Protein chains: 2
Amino acid sequence: MTTSIDLLKSYNLTVTPQRLEIVNVLSSYGHLNVDKLYALLKSTFPSISLATVYKNINTMIEKNFLSEVKLQNQKNVYELAKETHSHIMCIECEEILDISIDISSFFKEVTTKSNYNLTSSNIVFNGVCQKCQLL
Amino acid sequence: MTTSIDLLKSYNLTVTPQRLEIVNVLSSYGHLNVDKLYALLKSTFPSISLATVYKNINTMIEKNFLSEVKLQNQKNVYELAKETHSHIMCIECEEILDISIDISSFFKEVTTKSNYNLTSSNIVFNGVCQKCQLL
DNA sequence: CTAAATGCAAAGCATTTGCAAATAT
DNA sequence: ATATTTGCAAATGCTTTGCATTTAG
């Protein structure tokens with residue numbers, strides 16, 4: 001079993017209580033924007049600074065520990081880095097899901113059509129989740 | 001032949017010289033961020049205000065005349081709205097290409113897996129363009 | 001003991017707003 | 001004639017920076 005401590009260390013990140021809590025809340029909530037992350041951290045560390053949150057997000061992204069997801073009409077959200085995957089956002093309740101779809105055929109098609117040497121992709125689907133469809 | 005004037009009118013946008021020039025530069029350049037758009041407009045309208053550029057971008061997006069593309073490590077860019085398509089960005093020279101790929105099979109797969117009622121998608125591939133591969 | 005992170009306040013950008021004058025319909 | 005847009009300046013908001021103090025390794 002990998003602890004959050006080991007996880008941070010494996011990405012060359014100094015372990016601090018604030019960072020451990022970032023790992024905690026991100027693993028519970030999945031995707032959070034800066035403000036929500038800050039609000040959640042505040043409940044554990046009342047004196048935490050927004051600057052600390054920003055600094056941590058930035059270093060964690062640099063070290064590929066976090067990834068940033070850009071959404072339509074929404075602030076960017078952050079998640080613990082994992083294997084390549086896509087996202088679906090509900091345009092009503094803003095819920096965000098991870099989804100694994102095999103995009104290798106796209107990669108091939110796009111490579112052929114464009115002659116680009118592809119390195120990554122950002123794929124977000126927008127729609128209405130089941131819960132919101134019933135409202 | 002549809003003039004830029006008719007085009008703006010068809011989207012219920014008041015026609016002004018500044019807006020016509022926005023259409024011009026976007027149709028020549030394809031994708032522009034706020035600053036580049038402002039710089040280009042300045043050469044035709046030296047006294048144009050950045051605020052005007054922002055206001056126009058916002059109303060044009062509201063009326064679905066423009067669309068906004070969010071890129072990794074880059075400022076958002078704007079393009080004249082067209083049929084659904086994806087983008088490829090060169091991570092070296094920042095060139096952006098439109099690319100049409102048939103994503104209907106994905107839509108189906110994602111719908112089935114998520115039970116979301118999908119309305120749109122934002123798909124950006126990142127890579128190195130052919131020119132930059134040779135440098 | 002040295003390097004890195006934290007928290008605060010200030011600085012720096014990006015974007016929006018309010019308003020008077022100009023322009024579009 | 002009325003409604004909208006423009007351009008300016010000010011205001012707002014978001015993110016980063018500098019620095020003294022604290023904490024991690």
Side-chain angles (χ1 to χ4, degrees), chain A residues 3-26 32-78, chain B residues 3-25 32-63 65-78:
Chain A
T3 64
S4 301
I5 295 180
D6 294 337
L7 189 60
L8 284 167
K9 283 185 182 161
S10 71
Y11 281 83
N12 274 304
L13 287 160
T14 308
V15 176
T16 68
Q18 291 86 343
R19 286 183 176 174
L20 286 170
E21 187 62 9
I22 289 176
V23 179
N24 275 345
V25 298
L26 281 177
L32 291 169
N33 66 28
V34 175
D35 300 324
K36 286 182 189 156
L37 182 54
Y38 177 54
L40 288 166
L41 291 167
K42 272 247 157 189
S43 63
T44 309
F45 301 101
S47 69
I48 198 175
S49 162
L50 230 200
T52 299
V53 178
Y54 276 106
K55 285 173 190 166
N56 278 325
I57 288 176
N58 288 336
T59 53
M60 286 169 155
I61 287 177
E62 265 166 36
K63 308 247 169 155
N64 293 306
F65 181 76
L66 290 191
S67 52
E68 185 176 58
V69 184
K70 296 189 172 200
L71 306 165
Q72 202 157 45
N73 307 320
Q74 236 40 63
K75 297 195 69 172
N76 297 344
V77 296
Y78 302 91
Chain B
T3 65
S4 300
I5 294 180
D6 293 338
L7 189 61
L8 285 167
K9 283 185 183 161
S10 71
Y11 281 82
N12 273 304
L13 288 160
T14 308
V15 177
T16 68
Q18 290 87 342
R19 286 183 177 173
L20 286 171
E21 187 61 10
I22 289 176
V23 179
N24 274 345
V25 297
L32 292 168
N33 67 28
V34 174
D35 300 325
K36 286 183 188 154
L37 183 53
Y38 177 53
L40 288 167
L41 292 168
K42 272 245 158 189
S43 64
T44 308
F45 301 100
S47 68
I48 197 174
S49 163
L50 231 199
T52 299
V53 177
Y54 276 107
K55 285 172 189 166
N56 278 326
I57 287 176
N58 289 336
T59 53
M60 285 170 155
I61 287 176
E62 266 166 37
K63 308 246 169 157
F65 181 76
L66 289 191
S67 52
E68 185 176 57
V69 184
K70 296 187 173 199
L71 305 165
Q72 203 155 47
N73 307 320
Q74 235 40 63
K75 297 194 69 171
N76 297 343
V77 295
Y78 302 91

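A note on names: the letters A, B, ... follow the listed sequences, proteins ahead of strands, and every chain is numbered from 1. In this text the structure is predicted, and so the values were computed from the model without any measurement. Below, all heavy atoms of this structure are taken into account, side chains as well, without hydrogens, waters or symmetry copies.
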Could you check which of [options] has an atom nearest any side-chain atom of [X]?
X     : options               : value
B/S47 : D/dG7, C/dG7, C/dT16  : D/dG7
A/K75 : D/dC14, D/dT6, C/dG7  : D/dC14
A/R19 : C/dA5, D/dG25, C/dA14 : C/dA5
B/T14 : C/dT25, C/dT16, D/dT6 : C/dT25

Is there a side-chain contact between A/I57 and A/L37 (heavy atoms, below 4.5 Å)? yes
Can you tell me how far C1' of C/dT15 sits from CD of B/E68, to the nearest Å? 12 Å
If I take atom CE in residue A/M60 and atom P in nucleotide C/dT6, what distance separates them, rounded to the nearest angstrom? 8 Å
Going by side-chain contact (heavy atoms from CB on, under 4.5 Å), A/L40 matches just one of A/N24, A/D35, A/L32. Which one? A/L32
Partner of A/Y78 under side-chain contact (heavy atoms from CB on, under 4.5 Å), chosen from A/N33, A/I61, A/V69, A/V53: A/I61
Using heavy-atom distances to pick each residue's nearest nucleotide on DNA chain C, tell me which of B/K55 and B/L13 is more 5'. B/K55
If you find the nucleotide of DNA chain C closest to A/T59 and the one closest to B/N76, which residue's nucleotide is nearer the 5' end? A/T59
Is it the case that D/dG7 (base atoms only) and B/K42 (side chain only) share a donor and an acceptor within less than 3.5 Å, ignoring hydrogens and angles? no
Side chain A/K9 and base D/dG25 donor-acceptor under 3.5 Å: no
At 4.0 Å (heavy atoms only), tell me whether A/T52 reaches a base, stays on the sugar-phosphate, or touches nothing. base
So, does A/R19 use its side chain to make a donor-acceptor pair with the main chain of A/N56 at under 3.5 Å? no
